[in-house]
**Q** 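Sharing a structure with you now.
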Amino acid sequence: MSKHPLLSETEGEQQLLLGNEAIVRGALEAGVGMITCYPGTPSSEVVDTFRRIKAFDRYHMEYSINEKVAMEVACGAALSGSKSLVCMKHVGLNVAADPLFTTAYTGLPGGLVVLSADDPGCHSSQNEQDNRAYARMAHLLCLEPSSAEEACAMTKEAFFLARSLEQPVLLRTTTRISHMRGAVTLGQLPKAPTTVSFTKNPMRFVPLPAVARKRHQAVLDVLAKARIIAEHSVFTLETLHENVKIGIIASGVARAYMADALEQLGIADRVDCLELGITWPLPTERIIRFLSQHVAVLILEEGDALLERDIKALAKEHGLSTLLSGKNATLTEVLEYATPLVQTRIAEWLDLPQRPSAPDQALLSATQELPNRPPNLCPGCSHRAVYYAARKIFGDEVVYSSDIGCYTLGMLPPMRCADFLFCMGSSISGGSGFAKASGSKVVSFIGDSTFFHSGMTGLANAVFNKHSLLLVILDNGTTAMTGHQPNPGMVQESLGEACQHLDIEAIVKALGVTNVRTVNAYNLAALTKTFTELKDMDGVRVVIAKQPCVLYARRALGKRPPNVARVIAQNEDTQRCLAEFACPAFIKNGDEIAVDESLCSGCMVCLQVAPKSFKAVKRQGGQQ
Amino acid sequence: MNNRLRIYCTGVGGQGTLTATNLLAKTALMNGIPVVAGEVHGMAQRGGVVESVVLLGGWKAPKLAFGEADCMLAFEPLEALRGLPYLAKGGTIVASSDPLPPLSVSLGAKAYPSMQEISQTLNKYADKVYLLPIRTLGKENGSIQSGNTLLLAAACLLNILPFTVESLEKAIQTFLPEKLHASNLASIARAKTALKEQGFLS
């Protein structure tokens, strides 16, 4: 098998890489020895790429069961002397924050780089939190690339800094950077990762209060050194012009919008720029000098006004009279920036007449009327069958506590099986509290990967504190939403030799749940019977609804049923099936309902919903 | 900076839109044209709208907002309509005329606009509109997906993209798996006659 292009040893070669692939290349060039993660958009491609290029002679890697565990495994590896990378989406860092804050005190001699992929605009997330705040709170160096080329170079630099300062470094991207493609010039690929040896030193690495107090000062000393590095870094970029008295300070993806906006306005040579690649600690001397050289400075940063507040404080402290501008009604702390927005903001700031033309309102409202393509559970998704049965048996008598995965889409009509959701794993614990305080009956839904992530602890708590809820574990045997990454629930044959399958039913029982049923998620009769039996009982009851994710079964396990469903009668039952089961493979032509056989997965749940309306027929064209 | 071109690509999940736009970006880079591209992954799964952008000639930001695209490559006609606000005044559209109805249409809740309506609206807002039955033609050449390449080739032949059909052929041979070469090369070859059949080329 030929070597993957990302492992090319041709220095100077140019490749078009996804931002996340550029991070992989940067880590390889830095000599990364250990990679861990919990998958989450927009970070997932980093570790998926490490898995795909299979250079296992260079590094160890794992999909950990949650971000805290991923962080701790990576911290352990970095402490032992390996350059380590841990990857997660922004909300994952909340889960992983505990070990991060303390390892920042003790330091990690091997070097740890923490990738936080933030998601301004909530493309696939529950909030827009700006994780640059973690750098400030946990005392971490923070690097923020604005291009694919920088994603590679800054990852390499992050490892250099993490190793030389023995301090965890935060590499912070946003969706646009992680999922952009750009040219990357390859550097040298080392033969093997470089490690340092671990020397026992409990007075540093065991943070008893006496140790921790000293280490707090130690981390501040390291940050003082890092500040000087930031002052001289190649990633602190100044563009100055003769006799120009106005300037912009920018970071992250806002730098890209700034460059395009200045170009569009035709004023690139009339505005000075200070671009910050290391955004914590701030290169304060460079900032003060820039401020003192300019009468007016605009600060551009997507997300929270963190730079803006710090720079305003610096200006005040140094008695500078530079007129500072930043966020306003045009550029807010909400959603993503865009070139026309930044262009408008710069034009407002400089009182220029040019404004990007506003979109045609008539056209915009016309496009909003077009038939949409909202995300939906796939044809043959077993979650649909479970939700159908749940709605039949529980209706609106219960409160549905949902969790994070494809199955959150069960919120949509006609299923309407999600009433609230906080975060990964909250279906069980949030549901417990809701039921206890209100006396309502609660049905919780959680997927297999999310159960391992942080559902198990909630379940142990529910048993321990004698909560009352019905938990349905939607076990599709993979981490479906983020791209079928392995988790302990995956079957052994897919996991291979590197991982050990864990049995969910055995875990649930071991956690003290006595009322446990495992059912085939495609078997409506079994689902409805089980739900009916458990409905009015008290205490913790668990149903494990098993059926592989239909896409995973087809692509990875090579399983596709030989039959598809066909409509054989047009009647009330057929109409009811369309309205209540609403499989995306159904087609309606006038009043007639049919099944699109190219979309039908062959799950045959519709035959159970309306037995007299459908029949199974051989799939045309054979296996795909 | 005169060769700057901002392309908005849109299609339906599972159609191969991202593969096609990635091929376009790689071909540009192969020709020494500075390129940034952007795509949104995640909840845009099978059947959802998939948008991506390719910016040529020195742009930095991997994103397009409304009114910014010089050109739209639409791999599905309804998505061409939906993407229309992204097109700048005087922009060009190359789009598929083979519909893929969304679920709300299959379920009879919404109507899919007629090709005549789509064509009229596109022509109202764009300077030039080229509609081609790319899925039908792709299928004739051995794979529906190769119709996406036909659309790229058509954009080359119409001098919208700043590189030749030959370099697109080379990119296919360099970057796509060998089993896909024959159908994609056939679809490129078919692009010229397809444009002639529709009266877009003489």
Side-chain angles (χ1 to χ4, degrees), chain A residues 14-16 18-19 41-42 44-45 119 123-125 146-148 175-177 179-183 253 255-260 263 336-341 356-360 363-364 366-367 370-376 378 406 481-483 551 578 582 584 586-591 596, chain B residues 1 4 12-13 21-22 25-26 28-30 34-49 52-55 58-68 78-79 81-86 88-89 100-113 121 124-125 175:
Chain A
Q14 215 180 32
Q15 289 188 7
L16 187 78
L18 194 67
T41 316
S44 310
E45 296 84 3
D119 190 19
H123 293 282
S124 45
S125 308
S146 75
S147 67
T175 301
R176 296 289 169 183
I177 300 301
H179 289 170
M180 76 176 291
R181 286 180 199 274
V253 72
R255 291 168 52 202
Y257 298 129
M258 174 191 73
D260 289 349
E263 192 67 41
E336 293 184 290
Y337 282 9
T339 304
L341 267 182
S357 52
D360 186 319
L363 175 63
L364 274 184
T367 50
L370 296 173
N372 282 324
R373 299 183 195 268
N376 201 336
C378 301
C406 299
M481 191 166 72
T482 49
L551 295 182
L578 175 79
F586 294 157
I587 322 167
K588 200 172 176 194
N589 296 318
D591 287 336
D596 181 338
Chain B
M1 294 288 184
R4 290 187 145 208
V12 176
T21 52
N22 197 11
K26 282 181 166 165
L29 189 66
M30 226 171 63
V35 54
V36 292
E39 46 201 63
V40 174
H41 302 194
M43 289 195 87
Q45 56 197 41
R46 215 174 169 75
V49 182
S52 55
V53 297
V54 181
L55 296 94
W59 297 93
K60 303 283 184 220
K63 178 186 169 180
L64 286 179
F66 290 152
E68 284 201 293
L78 177 63
E79 295 319 311
L81 270 190
R82 205 191 310 279
L84 210 39
Y86 286 93
K89 281 202 179 81
L100 288 168
L103 188 59
S104 55
V105 171
S106 328
L107 297 182
K110 286 262 195 174
Y112 195 101
T121 312
K124 187 177 159 194
Y125 288 94
F175 301 115

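Residue numbers start from 1 in every chain, and the chains themselves are labelled A, B, ... in the order their sequence lines are given, proteins ahead of strands.
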**Q** Counting only non-hydrogen atoms closer than 4.5 Å, does Ala111(B) touch chain A with its backbone (N, CA, C, O), its side chain (CB onward), both, or neither?
**A** backbone
**Q** Looking only at atom types and distance, does a side-chain atom of Arg82(B) sit under 3.5 Å from a main-chain N or O of Pro371(A), one as donor and one as acceptor?
**A** yes
**Q** By a 4.5 Å heavy-atom criterion (distance strictly below it), what part of Ser357(A) contacts chain B: side chain, backbone, both, or neither?
**A** side chain
**Q** State plainly whether the residues Lys63(B) and Glu68(B) are in salt-bridge range, i.e. N to O under 4.0 Å.
**A** no
**Q** Of all of Ile177(A), Leu363(A), Leu341(A), which one pairs up most often with chain B through heavy atoms under 4.5 Å apart?
**A** Leu363(A)
**Q** In terms of heavy-atom proximity below 4.5 Å to chain A, should Leu107(B) be classed as side chain, backbone, both, or neither?
**A** both
**Q** Among Met30(B), Lys89(B), Lys110(B), which residue has the highest count of heavy-atom pairs closer than 4.5 Å to chain A?
**A** Lys110(B)
**Q** Could you look at Lys124(B) and say if it's the side chain, the backbone, both or neither that has a heavy atom under 4.5 Å from chain A?
**A** neither
**Q** Considering only heavy atoms, which portion of Lys60(B) lies under 4.5 Å from any heavy atom of chain A: side chain, backbone, both, or neither?
**A** both
**Q** Would you mind checking which part of Tyr125(B) comes under 4.5 Å of any heavy atom in chain A, side chain (CB onward), backbone (N, CA, C, O), both or neither?
**A** side chain
**Q** Is there a donor-acceptor pair under 3.5 Å between the side chain of Tyr337(A) and the backbone N or O of Met258(A)?
**A** no
**Q** If you count heavy-atom pairs under 4.5 Å between each of Gly108(B), Pro85(B), Ala65(B) and chain A, which one has the most?
**A** Pro85(B)
**Q** Hey, are the side chains of Arg181(A) and Lys26(B) touching, using non-hydrogen atoms and a 4.5 Å cut-off?
**A** no
**Q** Under 3.5 Å, side chain of Asp260(A) to main-chain N/O of Ala61(B), donor-acceptor pair present?
**A** yes
**Q** With only heavy atoms counted, which part of Pro42(A) is less than 4.5 Å from chain B, the side chain, the backbone, both or neither?
**A** neither
**Q** Contact part of Pro34(B) toward chain A, heavy-atom cut-off under 4.5 Å: side chain, backbone, both or neither?
**A** neither
**Q** Out of Asp119(A), Leu578(A), Asn372(A), return the one with the most heavy atom pairs under 4.5 angstrom to chain B.
**A** Asn372(A)
**Q** Chain B heavy atoms under 4.5 Å from Asp596(A): which part of the residue, side chain, backbone, both or neither?
**A** neither
